[in-house]
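A short worksheet on the structure shown next.
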Amino acid sequence: MSFQQVCVLGSTGSIGVSTLDVIARHPDRMAVYALSAYSRMQKLAEQAMACAPKVVVVPDSAARERFVQAWSSSAPCAMPEVRVGAKALEETVADAQVTTVMAAIIGAAGMPAALAAARAGKRILLANKEALVAAGSLFIEVAKQGGAELLPIDSEHSAIFQCLDQHHKSVPGNPLANDVRRLIITASGGPFRQTPLLELPQVSPEQACAHPNWSMGRKISVDSATMLNKGLEVIEAYWLFSVPIEKIDVVVHPQSVIHSMVEYIDGSVMAQLGQPDMRTAIAYGLGFPERIDSGVGLLDLASMGRLDFEAPDLQRFPCLRLAFDALRSGQAACVSLNAANEIAVERFLNRQVSYTQIPQIIEHTLDRLQRCSDAALNSLDAILALDQDARRVAADFCR
Ligand code: NAD
Ligand code: MG
């Protein structure tokens, strides 16, 4: 790969910060072309002063004002061009200079820009799983037509991608060869893996966000606690690797050292191991097909002593069951599942609903919208319209 100019969408988030860390280690291979953030303009300005992008994209003119004010007169580089709004985000990823797009905006809000990068045929480092969950077939189709290269950043999917033989590497969306028997996605089980079930209705957002192994944004941390995140990842794997649902398994592995596995028909199981640090997957995507330094430390198995595994408990984690059901039922259910979950998690983080109401809100929304047909979901507008309907149903239920 020649020199990469990277557009980092969601640069102030957990994945965005890790991405900038990896890019800064390789000034001979890559540079930041653009940054984008939705809030925290002070942080965005600090990032821009450190990595000198050509462009930053902010949501509105008030954010633009805050960004300009935060810019220091002693900055070591010129102030970047400041573009405003969601459309500017879509245009920026398609800029001719951009080679690579890190899609790390959280939630369905990240879909339009990720799709624009697919259409423009860029190398897409896909952290935003919601784009595949809600718009899988459209996204894969657009990426194929646009000639985009899709590299998974979610640690499980990066692990699977790394465990596939060279001739199996099929992203985006070509069916895996028949000699793959199963994709085995590992899950930590989150902070409530052993909490007595009777205590779950009282758990707080702080407890839910205190992930035992990974440091992540708040929304995905709650999703990890409910294991809805694992459900989204099953759907993501279904689209990325084009495998039937029966070939995707989930196993709970509390240490998060094995990031996922591929089982072949000869009985071989390939696993990717490492520290729970997203910079490994990010560096793999940025460096592909070569491996580059990520800053991640050694894996000391001897001091770790043991690795444990157990089957997921669907009574404890009803959200995982709901996600499998949604995938079996079709795309409309996946859109509703994701949208209802975003509302439920937001309300939980704001202490408006309890932790155990999250699956109830999702289930209610899926029941109410179950007659929506997949055939109508052939455009981003149609998907976003259903997403909005599901948000309304979920929000009404929360009242
Ligand atoms: P985060 O909440 O830490 O950061 C989100 C970023 O998106 C921020 O820069 C924010 O300003 C921006 N953003 C938020 N709302 C926006 C909107 N409406 N429009 C434009 N930008 C917006 O999130 P994160 O944990 O970094 O996760 C980012 C994505 O990566 C998610 O889709 C998540 O599922 C996925 N992911 C994260 C991890 C992880 O370790 N954090 C692991 C695997 C996958
Ligand atoms: Mg993951």
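Read the numbers this way: they start at 1 and go in the same order the structure lists the ligands and their atoms.
- Between E81 and K54 no salt bridge is recorded (no basic side-chain N to carboxylate O distance below 4.0 Å).
- Counting the atoms of ligand 1 from 1 in the order shown, those under 4.0 Å from a heavy atom of D154 are 43 (C), 44 (C).
- Looking only at atom types and distance, the side chain of Q4 has no donor-acceptor partner in the side chain of T99 under 3.5 Å away.
- Rounded to 10°, the angle formed at the Mg ion (ligand 2) by OD1 of D154 and OE2 of E233 is 100°.
- Around atom 29 (C) of ligand 1, the closest heavy atom drawn from D223, I105, T19, L126 belongs to I105.
- At under 3.5 Å, not a single nitrogen or oxygen of I220, backbone or side chain, sits near a nitrogen or oxygen of ligand 1.
- Numbered from 1 in the order shown, with element, the atoms of ligand 1 that lie under 4.0 Å from a heavy atom of S39 read 11 (O).
- H259 and E156 share no side-chain donor-acceptor pair at under 3.5 Å.
- Nearest residue to atom 28 (C) of ligand 1 from S14, S18, A104 is A104 (criterion: closest heavy atom).
- The pair R119-E90 does not count as a salt bridge, with every side-chain nitrogen at least 4.0 angstrom from each carboxylate oxygen.
- Q97 approaches Q5 most closely through the heavy-atom pair O-CB, 3.3 Å.
- Each of the following atoms of ligand 1 lies closer than 4.0 Å to a heavy atom of K129: 32 (O), 34 (O), 44 (C).
- For ligand 1, the atoms lying closer than 4.0 Å to a non-hydrogen atom of E130 are 32 (O), 34 (O).
- The minimum distance between the Mg ion (ligand 2) and any N, O or S atom of E156 involves atom OE1.
- Using a 4.0 Å cut-off between charged nitrogen and carboxylate oxygen, R368 and E363 do not count as a salt-bridge pair.
- Every pair passing ring pair (Phe, Tyr, Trp, His ring centres under 6.0 Å) that includes a residue from residues 47-74 is listed here, sequence neighbours excluded: F67-W71.
- Listed by number with element, the atoms of ligand 1 under 4.0 angstrom from any heavy atom of A109 are 17 (C), 18 (N).
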